[in-house]
Amino acid sequence: MLKFCIRYRFSVLLITALLLAVSIIPIQRTGSEFMPPLDEGDILYMPTTYPGLSISKARELVQQTDKILTTFPEVASVFGKAGRAETATDPAPLSMFETTIRLKPREQWPDPAKTTRELMNELDDAIQFPGLTNSWTMPIKTRLDMLSTGIKTPVGIKISGPSLTELNILTAQVEQLVKTLPETLSAFGDKATGDILLISTSTEMKLRVMDCISPMYKMLSRQPLAA
C-alpha cells in the first residue's frame, strides 16, 4: 500500500483533498440536532413566576390558566399542578407550574391544517398575566431537556458573580436581550433574591418558629396543588 501511494502520489493527494472537502458539510452540522422536533400530540405548559409566591396565589393562577385553556376547541382536557409531588425527584417550587394539555384528534379540530406551534402561539396570546412567563413545549421533550441541560428549555444562559444585586441586574438585562431575538418564544431569568425570609437573632425564637413551621411546611411542600 505504501509503495502504491508513493507511485501514484498525485492521485492519492487529489482523492484525499476531495474527501476533506466533502467532510466540511457534516463538520458544520456537528453539535446540532439532526432529528426534527417530534409532535407528541400533547402540550406541556410550564409557566414561571417570581419567588416568594404564596400558596393561595399559586392555586389561583393555576385555576385561572386552566380555565382559559379549556375554552379552546382543540383541547380535550387540562391538568395543572403547582408545587412538588411526594418524591425527591421533583424539587419544583411553587413558582413553577406544570400543566399537561391533552389535545383532541386532529380531525376534530375546527381547522385540521393548523399546526401545534400555531396552537401554542394562540394559547400564549390568550394567557398573559403580569409576572407570569409562559413556556410551551412537549412533555417528553421537556423531560429530556431537563435531563441533558438541567433546565426545562433547550437553551440556557448561566451567569455567575459574587453580588446578588448585580446578578439580578444582569439577569434582567440578558432576559430583555434574549426576548428580542426572532427565534425566542419566551425567556425568563431566575431571580437570586425575592424569597420570603424570617430573620431572628434569638435562639429561643428560632426554635419556636421551627416547631410551628416544620410540620406545616412538610405537609404543603409534599402535596402538589392541582386544578
Side-chain angles (χ1 to χ4, degrees), residues 27-40 43-55 57-58 60-62 64-65 68-69 80-84 89-101 115-197 199 221 224:
I27 289 176
Q28 291 178 344
R29 298 178 179 271
T30 301
S32 61
E33 294 186 6
F34 174 76
M35 185 175 180
L38 178 65
D39 190 351
E40 301 177 14
I43 298 176
L44 185 63
Y45 173 51
M46 297 185 66
T48 306
T49 184
Y50 293 99
L53 186 71
S54 64
I55 298 177
K57 188 62 178 178
E60 179 184 346
L61 287 173
V62 172
Q64 290 177 347
T65 55
I68 295 175
L69 293 173
K81 176 182 77 71
R84 63 179 183 178
T89 61
D90 184 26
L94 283 173
S95 58
M96 187 178 73
F97 308 152
E98 293 184 12
T99 301
T100 303
I101 307 171
T115 63
T116 305
R117 177 55 60 183
E118 292 175 348
L119 178 59
M120 288 182 181
N121 294 333
E122 294 179 2
L123 297 174
D124 187 72
D125 294 336
I127 301 179
Q128 294 294 330
F129 289 93
L132 192 67
T133 303
N134 296 332
S135 176
W136 307 90
T137 181
M138 305 290 179
I140 300 176
K141 181 179 182 301
T142 302
R143 303 308 175 191
L144 294 177
D145 290 339
M146 295 179 73
L147 288 174
S148 59
T149 64
I151 55 178
K152 60 183 180 180
T153 54
V155 179
I157 301 175
K158 185 176 181 179
I159 304 175
S160 302
S163 174
L164 295 179
T165 304
E166 292 295 332
L167 285 178
N168 286 334
I169 296 175
L170 292 175
T171 301
Q173 294 176 353
V174 172
E175 178 182 342
Q176 296 302 321
L177 289 175
V178 173
K179 287 182 178 179
T180 59
L181 299 177
E183 298 84 0
T184 302
L185 181 62
S186 63
F188 179 80
D190 289 334
K191 304 299 183 296
T193 59
D195 286 334
I196 300 176
L197 301 177
I199 302 176
S221 62

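Numbering starts at 1 and runs along the sequence shown. Just so you know, these numbers come straight off a predicted model, no measurement behind them.
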Nearest heavy atoms of Ala82 and Val62, plus distance in Å: CB-CG2, 3.8 Å
For the student: nearest non-hydrogen atoms of Ser160 and Leu167, plus distance: C-CD2, 3.8 Å
CG on Leu119 to CD1 on Ile43, rounded to 0.5 Å: 4.5 Å
CD1/Ile169: more than 12 non-hydrogen atoms of other groups inside 6.0 Å: yes
Rounded distance (nearest 0.5 Å) linking atom CG of Leu123 with atom OG1 of Thr99: 11.0 Å
Point-to-point distance, once rounded to the nearest 0.5 Å, from CZ of Phe97 to CE of Met46: 11.5 Å
Rounded distance [0.5 Å steps], NZ in Lys57 versus OG1 in Thr49: 9.0 Å
Between CD on residue Gln173 and CD1 on residue Ile159, distance to nearest 0.5 Å: 9.0 Å
Non-hydrogen atoms of Asp124 and Gln128 that approach each other most closely: O-NE2, 2.6 Å
Nearest heavy atoms of Lys141 and Glu40, plus distance in Å: N-OE2, 3.0 Å
Closest non-hydrogen atom pair, Asn134 against Ile127: ND2-O, 2.7 Å
Chi angles and distances behind the side chain to side chain contact (heavy atoms under 4.5 Å, CB included) call for Met138, Thr116: CA-CA 10 Å; Met138 305 290 179; Thr116 305; 3.8 Å; yes
Separation of Thr171 OG1 from Lys158 NZ (nearest 0.5 Å): 12.5 Å
Stepwise side chain to side chain contact (heavy atoms under 4.5 Å, CB included) check, Met120 with Thr137: CA-CA 8 Å; Met120 288 182 181; Thr137 181; 5.7 Å; no
From CA spacing to verdict: side chain to side chain contact (heavy atoms under 4.5 Å, CB included), Ile101, Trp136: CA-CA 10 Å; Ile101 307 171; Trp136 307 90; 3.8 Å; yes
